K.L.:
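Below: one structure in structure tokens.
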Amino acid sequence: MENEKGASSSTFKMGNSAQERSLPYVPHCYAVPPSYEPRDALDSKSESVPTIDISRLKGSDDERRGVIQEIRLACQSFGFFQSILDDALAVAKGFFELPAKEKNKFMSNDVYAPVRYTTSLKDGVDKTQFWRIFLKHYAHPLHRWIHLWPQNPPEYREKIGKFCEEVRILSLEIMGAITESLGLGRDYLSSRMGENGMQVMAVNCYPPCPDPKTALGLPPHSDYSCITILLQNLTGLEIFDLTAHDGSGRWVHVPEVKGVLKVHIGDHVEVLSNGLYKSVIHKVTLNEEKTRISLASLHSLGMDDKMSVPCQLVNDENPVRYRESSFNDFLGFLVKNDISQGDRFIDTLRIKD
Ligand code: OGA
Ligand code: NI
């Protein structure tokens, strides 16, 4: 066993990854480069993460205006806020507790597969591996995809399906508020994100790690989505506050508050805002004792529908700063690039001055 310590990524393909086997040590290819700063520069002043009760979006016009102002500030300063909903973690945990045979039915390295079970980011391929096991599946329209989801645990489809539906309604509400905060109006994207939008669920499991200082659950990255709504059972998510320390930034630990969802904006809102709102860089740290489960719901336009900078936001001082792109373009990027080494989709969209 010990000789696997120095083995390369290709030894740890799905079904055989160190995290699935709960190896008692962390192989070298899981050691994250020092530039990730896994522990340093962490600021534990987590109360600085804005919390917004978005149920007030359905209130009086005044109330709604107040919430939209809060969302505008949260997006500008942090690109991140929290809102309230209920819990769908048990059934996800149940899935990862199933015997390998059951989970391996969904095993795939094809990023285009509508349902896939795998490990790390691209297991055995990326230079650095991550201590993560995950199931990713499409979720909208539900009737088109749900029959492809796991049938075990028996309540998986029902419980995750309900969660997806609720979270999707919330995502449309929040996107309406975001487009309104940009002066584009509440319905700017409603049909493109509504009936025709994509919802991708990442059901993540981070087993206990024997050496959490060496490895990471996920490297610093931003999501391709417009917004991502995330539920976690334990802390571990950290987000990068770009504005701290006069622009040099700092990592902020996101506290776990029961029944609270984390919402962060992705690359496609950065494009939509022509750079006024920045997509949130986040990463996942590990712990030695407990299994961490997270449900990340990624919301975007349809598969081939391209997000571009709205002409309303372009003028002499503000030229178009991003190229247009779709979810499908992101998948193409994913195949060719190594997020574990810091490659970012948004960097490929930026138009240099
Ligand atoms: C993701 C992600 C965070 C988490 O799936 O893109 O960032 O806490 N997940 O699992
Ligand atoms: Ni992410």
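Since the model is a prediction, treat every value here as computed from it, not as a measurement. Both counts, for ligands and for their atoms, begin at 1 and track the order of listing. Values below: all heavy atoms of this structure, side chains included; hydrogens, waters and symmetry mates excluded.
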K.L.:
Quick one: do D62 and R65 make a salt bridge, cutoff under 4.0 Å?
P.N.:
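Yes.
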K.L.:
Using a strict 4.0 Å threshold on nitrogen-to-oxygen distance, state whether E238 and R250 make a salt bridge.
P.N.:
no
K.L.:
When you check the gap from the basic side-chain N to the acidic O, do R350 and E270 get nearer than 4.0 Å?
P.N.:
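A salt bridge links R350 with E270.
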K.L.:
For ligand 1, indicate whether the residue D223 contacts it via side chain, backbone, both or neither (heavy-atom separation under 4.0 Å).
P.N.:
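The part of D223 near ligand 1 is the side chain, not the backbone.
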K.L.:
Taking 4.0 angstrom as the limit, do K306 and D329 come out as a salt bridge?
P.N.:
yes
K.L.:
Could you tell me whether S294 and ligand 1 have an N or O pair separated by under 3.5 Å?
P.N.:
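Yes, there is a polar N/O contact under 3.5 Å.
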K.L.:
Scan for ring pair (Phe, Tyr, Trp, His ring centres under 6.0 Å) pairs involving residues 218-238, sequence neighbours excluded, and state none if there are none.
P.N.:
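Every ring pair (Phe, Tyr, Trp, His ring centres under 6.0 Å) pair that includes a residue of residues 218-238, provided the two are not neighbours, is H221-H282, Y224-F327, Y224-F330.
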K.L.:
If the plane angle is over 60° it's perpendicular, under 30° parallel, otherwise tilted; pick one for F345 and F333.
P.N.:
tilted
K.L.:
Which ligand 1 atoms, with their elements, are less than 4.0 angstrom from a heavy-atom of Y206?
P.N.:
4 (C), 9 (N), 10 (O)
K.L.:
For ligand 1, is K283 a contact, meaning one of its heavy atoms is under 4.0 Å away?
P.N.:
no
K.L.:
Run the salt-bridge test on E158 and K162 with the 4.0 Å N-O cut-off and return the result as yes or no.
P.N.:
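Result for this pair is no, no salt bridge flagged.
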K.L.:
What is the number of protein N/O/S atoms located under 2.8 Å from the Ni ion (ligand 2)?
P.N.:
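Of the protein's nitrogen, oxygen and sulfur atoms, 3 lie under 2.8 Å from the Ni ion (ligand 2).
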